[in-house]
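Data block below; observations after.
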Amino acid sequence: MPVQVRRVYDAPDPEDGARLLVDRLWPRGVAKEAAHVDEWLKDVAPSGELRTWYGHDPAKFDAFRDRYLTELDDPARRRALDRIAELAREGPVTLLTATRDAGRSHAAVLAGLLGEARSGAKAPR
């Protein structure tokens, strides 16, 4: 099963598998118990500077993706990414984000990157 992306505000699904919050900040208005988060991997989130620059502008998504992939070379981010990959080898994984447009988010970039790694394709840089 591929790594999927969902909003943390969505109700948990029995097929979610490991539910991993990949945002740097805890989402507003969500109690930790209600989120059903198995792990909070904030180190894998993009830098505040990159997040602010992007501003969730769809026209900037491709550039955001490229910059974010570069940031993932940081050792702390790489360790968090490796943890996600480890969990994905064990079973289903759902990456959770508070972002409204989850399909154009860092979580979607991570899911795509992990999907490429699982298929044996080399991750783009």
message = Do Val37 and Val5 land in one hydrophobic cluster if side-chain heavy atoms of ILVMFWY residues count as linked below 4.5 Å?
response =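 No, Val37 does not connect to Val5 through the hydrophobic network.
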So, do [X] and [Y] sit near enough that their side-chain heavy atoms are less than 4.5 Å apart?
X: Trp40; Y: Leu20; result: no
X: Pro75; Y: Arg79; result: yes
X: Glu71; Y: Ser47; result: yes
X: Leu110; Y: Val44; result: yes
X: Leu113; Y: Leu72; result: yes
X: Leu114; Y: Leu81; result: yes
X: Phe61; Y: Asp101; result: no
X: Lys32; Y: Trp26; result: yes

key: Leu87 CG to Leu95 CG distance, which is reported to the nearest 0.5 Å   =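 Between atom CG of Leu87 and atom CG of Leu95 there are 10.0 Å.
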inquiry  = Go through it in stages, so that I can follow the logic: the residues are Leu69 and Phe64, the test is side-chain contact (heavy atoms from CB on, under 4.5 Å), and I'd like the CA-CA distance, side-chain angles, deciding distance and then a yes or no.
reply    = CA-CA 8 Å; Leu69 288 172; Phe64 166 77; over 6 Å; no
inquiry  = Show every ring-ring contact (aromatic ring centres under 6.0 Å, His included) that has at least one partner inside residues 71-97, sequence neighbours left out.
reply    =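 The answer is none; no pair qualifies.
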To check you understand the geometry: which heavy-atom pair defines the closest contact between [X] and [Y], and what is its length?
X: Ala35; Y: Val8; value: CB-CG2, 4.1 Å
X: Thr97; Y: Ser105; value: CG2-OG, 4.2 Å
X: Pro92; Y: Glu15; value: CB-O, 3.9 Å
X: Pro27; Y: Leu21; value: CD-CD2, 3.8 Å

Whether [X] side chain and [Y] backbone form a donor-acceptor pair below 3.5 Å:
X: His106; Y: Val22; answer: yes
X: Thr99; Y: Ala102; answer: no
X: Arg7; Y: Ala98; answer: yes
X: Arg19; Y: Leu96; answer: no
X: Arg78; Y: Asp73; answer: no

request  = Kindly write out the residues that satisfy side chain to side chain contact (heavy atoms under 4.5 Å, CB included) with Ala11, not counting sequence neighbours, or none if the list is empty.
outcome  =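 Listed in chain order: nothing, the list is empty.
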message = Show every side chain to side chain donor-acceptor pair (under 3.5 Å) that has at least one partner inside residues 52-64, sequence neighbours left out.
response =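 Matches after skipping sequence neighbours: none remain.
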inquiry  = What verdict does the side-chain hydrogen bond (donor to acceptor under 3.5 Å, both in side chains) test give for His36 and Asp16, after you've listed the backbone C-alpha separation in whole Å, the side-chain angles of each residue and the deciding distance to 0.1 Å?
reply    = CA-CA 10 Å; His36 301 280; Asp16 282 347; over 6 Å; no
inquiry  = Using the rule given for side-chain contact (heavy atoms from CB on, under 4.5 Å), can you reason through Arg77 versus Leu41, listing the C-alpha separation, both sets of side-chain angles and the distance that settles it, and then say yes or no?
reply    = CA-CA 9 Å; Arg77 285 186 180 89; Leu41 299 167; over 6 Å; no
query = Salt bridge check: are Glu86 and Arg89 linked by an N-O gap of less than 4.0 Å?
reply =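 The answer is no: the pair does not qualify as a salt bridge.
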ask   = Would you call Asp23-Lys42 a salt bridge at under 4.0 Å N-O?
value =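 Not counted as a salt bridge, because no side-chain N and carboxylate O are separated by less than 4.0 Å.
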